[in-house]
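Working notes, beginning with the structure itself.
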Amino acid sequence: MKKILLFAAALMSSVTIALAEAVSIGGVYLEYNADVADLTAQINAVDGFSATGSISFDAATKTLTLNNATIETAGDNPVIYMYTNSTLNIVSLGENVLKQTNSGYKSCIRSAPSSVLNISGSGSLTITSVQWYPIATYESCKITIDNTTVDLHATGVSYTNYGINNNSQDYGDVEIIKSHVKAGSISRVNSITLTECSIASPADAVVEEHGINRENIEILPIPALGDTIQYTYKGNTLLYKIAFKNEIRQEVNIVNDNWKKVSKPTGTLVIPDSVPDWQGTKYAVTAIYANVFEGCDGITAADFSENTGITIMSFGAFKNCTALETVTLSNSITDLYGYCFQNCPLNAFDFKNVSFLDSPNNFQGSNITEVNIPASLTNIHNQTNLFDKAVTITCAAGNTGLTAADNVLYDKDKTKLISLPIGATTAEIHLPATVTSMLYKSMSGFEGKLYINSEIDPEYASASNSPSGEIIVGCGLLDYYTTGEKSENFQSASSITEQLLWNVQVTAGANGSVAINDTTSCNQVSIEATPASGYKFVKWSDDDTTNPRVLDVTADVNLSAVFDVASAIGNTGADDYATAVKVLRDGQLLIIRDGKTYTPLGAEVK
């Protein structure tokens, strides 16, 4: 059986009774001498009261904490009754309600002479009565609403203009500090002070000596640095945090975990160029926080084209937006940070004026099949596994920092490897010997055959750099890639072998042939020239006359064999052709020697 209130007469008596400092909450009498961890249960044990949610009381700080709580009564007593000289601090977390449903002249919170009531907290508190004051003031009481949200109203048809009031005297001092307050009225008080807040409506409402001169008022915090503005633009509501506010500069940033505080954006999300606060001041939208829209699976398109202030797309901005197929950047966006479009099914991407790309996993999970790196994008930093599938990559002709060949991305001078194509199991990539460094993970995910003819130094040493396909390294590089201090960067390769990778090109022309043969040394080849009939080998194009010849190959080789007409006498190689007698007979050149006549090829003419 619920307890019957024994102090009801005392509550309603107009006789001053000398009691210890105390307060009654939901019918539970508290003298600040003991904490109550579960006040909800005690309230439910009192006849005429009910409570839900988390309600606790800290005696030392005189604090009532409401966490998604409701306290309700239809009885004759207020939900909260304060005794003379008492203090109560109400902290609101989540959405909370104090409700007096008695249709008589009953307040929800009744202050007392010289009492102090403070309401604060990150949540909201709705205080209602039916046909009397939600908060009733008394002589010398002090009521402060500080950095919170409070709704004060009576529900009776003829009493909706009640809020914080007294029936007969101008009692109590009220201060509202940077809070959002709705009230039927604030009147018959000794004084009212608005600190860092202002009356938003009605438009002609003003603070007078003993209250506010209009009814059904709304008070809002004056926007200040660090405050947020909630604004709906083209169908989606976002929160914007004031980053700068002075006479020259007013800027806001789109707040982190935005949708968790309002609602998930859906459809086409258009980012505005500016947003107004409730006073009409416009703020330029200049930044978005990291992971701001992560997990918003209803966004199908993101359009920044109207915005001129955002320059950086922050980490993970649209990560895991699993319906996002189209992104339109503005001309002002110059920096793209990692993971910003990871796991978004983008069909294409235009970098526009992006000049810096911090690249980890930016487009993994996309449907992009080809991408052109514009002239503006000259700096790609950090992990470069941009994609998780093979993508055709090209660079604009005017790009001064990057170049692409065979879907491989390099710096302009091809001294640094930026990225290999992901997957590409049948691809064969020959890295130029000019490559001596590589970005972190620039080889990761490549599954084809990779030819390397230089010592490549990773930007960050890690096994994550390693391709998974076959690596063929140039002569003398095997130890570097298998046992050297950098070898951990290539340990996931299916195999690493060594062979001559310099290009050896030897030609002969029409007057002979050449042969190129391996030797027992990786970086040596044997070349041999064989003249055609009637011709003889003279030299190689580098003026070396050795034949056959062994070459030590340390760079690309391009040689040709030089042949000349052989000796007219039996093609013996004793070349005195230059001193022989030559005659022209019937249009044919003949050679006379030792009383005999020969053709230039050594055939005797009878």
Side-chain angles (χ1 to χ4, degrees), residues 122 124 145-153 160-161 163-164 174-187 192-208 211-263 265 267-289 292-293 302-312 330-333:
S122 60
S124 64
I145 300 173
D146 188 357
N147 277 271
T148 192
T149 300
V150 176
D151 192 338
L152 301 152
H153 64 273
T160 57
N161 60 341
I164 301 176
V174 176
E175 183 176 12
I176 299 173
I177 304 170
K178 201 172 185 179
S179 293
H180 183 186
V181 176
K182 291 182 179 180
S185 65
I186 300 176
S187 64
I192 178 170
T193 304
L194 303 183
T195 303
E196 297 184 59
C197 55
S198 182
I199 301 170
S201 64
D204 59 347
V206 295
V207 174
E208 296 186 330
I212 295 175
N213 68 336
R214 294 288 181 267
E215 298 173 349
N216 297 314
I217 57 177
E218 182 174 15
I219 297 169
L220 289 171
I222 296 173
L225 188 67
D227 288 346
T228 56
I229 298 170
Q230 182 171 308
Y231 183 66
T232 301
Y233 186 70
K234 295 191 175 180
N236 284 304
T237 303
L238 302 180
L239 285 179
Y240 302 84
K241 186 174 182 179
I242 299 176
F244 292 94
K245 185 177 183 181
N246 53 44
E247 294 180 356
I248 301 174
R249 187 178 180 188
Q250 297 85 36
E251 296 180 8
V252 291
N253 300 334
I254 303 177
V255 173
N256 195 19
D257 292 334
N258 196 292
W259 60 267
K260 297 178 183 178
K261 299 176 181 179
V262 279
S263 59
T268 298
L269 174 65
V270 181
I271 304 300
D273 192 45
S274 65
V275 298
D277 63 17
W278 66 269
Q279 292 181 311
T281 301
K282 285 189 175 182
Y283 298 79
V285 181
T286 58
I288 61 175
Y289 281 20
V292 65
F293 299 114
D303 185 356
F304 288 79
S305 60
E306 295 183 19
N307 183 274
T308 60
I310 295 175
T311 59
I312 297 174
S330 65
N331 291 328
S332 63
I333 294 177

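- Not a single donor-acceptor pair under 3.5 Å links the side chain of S187 to the backbone N or O of G211.
- Here the options are V285, I271, T232, the test is side-chain contact (heavy atoms from CB on, under 4.5 Å), and the partner is L238; only I271 passes.
- Under a 3.5 Å cut-off, the side chain of D227 and the backbone N or O of A224 do form a donor-acceptor pair.
- Listed for the N307 side chain is a donor-acceptor partner under 3.5 Å among the backbone atoms of P272.
- Of the possible donor and acceptor atoms, none in the side chain of S201 sits under 3.5 Å from a partner among the backbone N and O of I217.
- Residues passing the side-chain hydrogen bond (donor to acceptor under 3.5 Å, both in side chains) test with K234 are E306, sequence neighbours excluded.
- By the side-chain hydrogen bond (donor to acceptor under 3.5 Å, both in side chains) test, S332 pairs with S330, sequence neighbours left out.
- Listed by first and then second residue, the salt bridge (charged side-chain N to carboxylate O under 4.0 Å, His left out) pairs that reach into residues 269-282 come to none, sequence neighbours excluded.
- Formation of a donor-acceptor pair under 3.5 Å by the N213 side chain with backbone atoms of V206 is found in this model.
- Of the inter-residue distances, the one linking N331 atom CG with T311 atom OG1 reads 13.0 Å to the nearest 0.5 angstrom.
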Is there a side-chain contact (heavy atoms from CB on, under 4.5 Å) between N236 and V270 once you walk through the steps? CA-CA 8 Å; N236 284 304; V270 181; over 6 Å; no
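- Screening I177, I222, I199 against L194 for a side-chain contact (heavy atoms from CB on, under 4.5 Å) leaves a single residue, I199.
- Judged by distance alone, the side chain of W278 and the main-chain N or O of P223 form no donor-acceptor pair under 3.5 Å.
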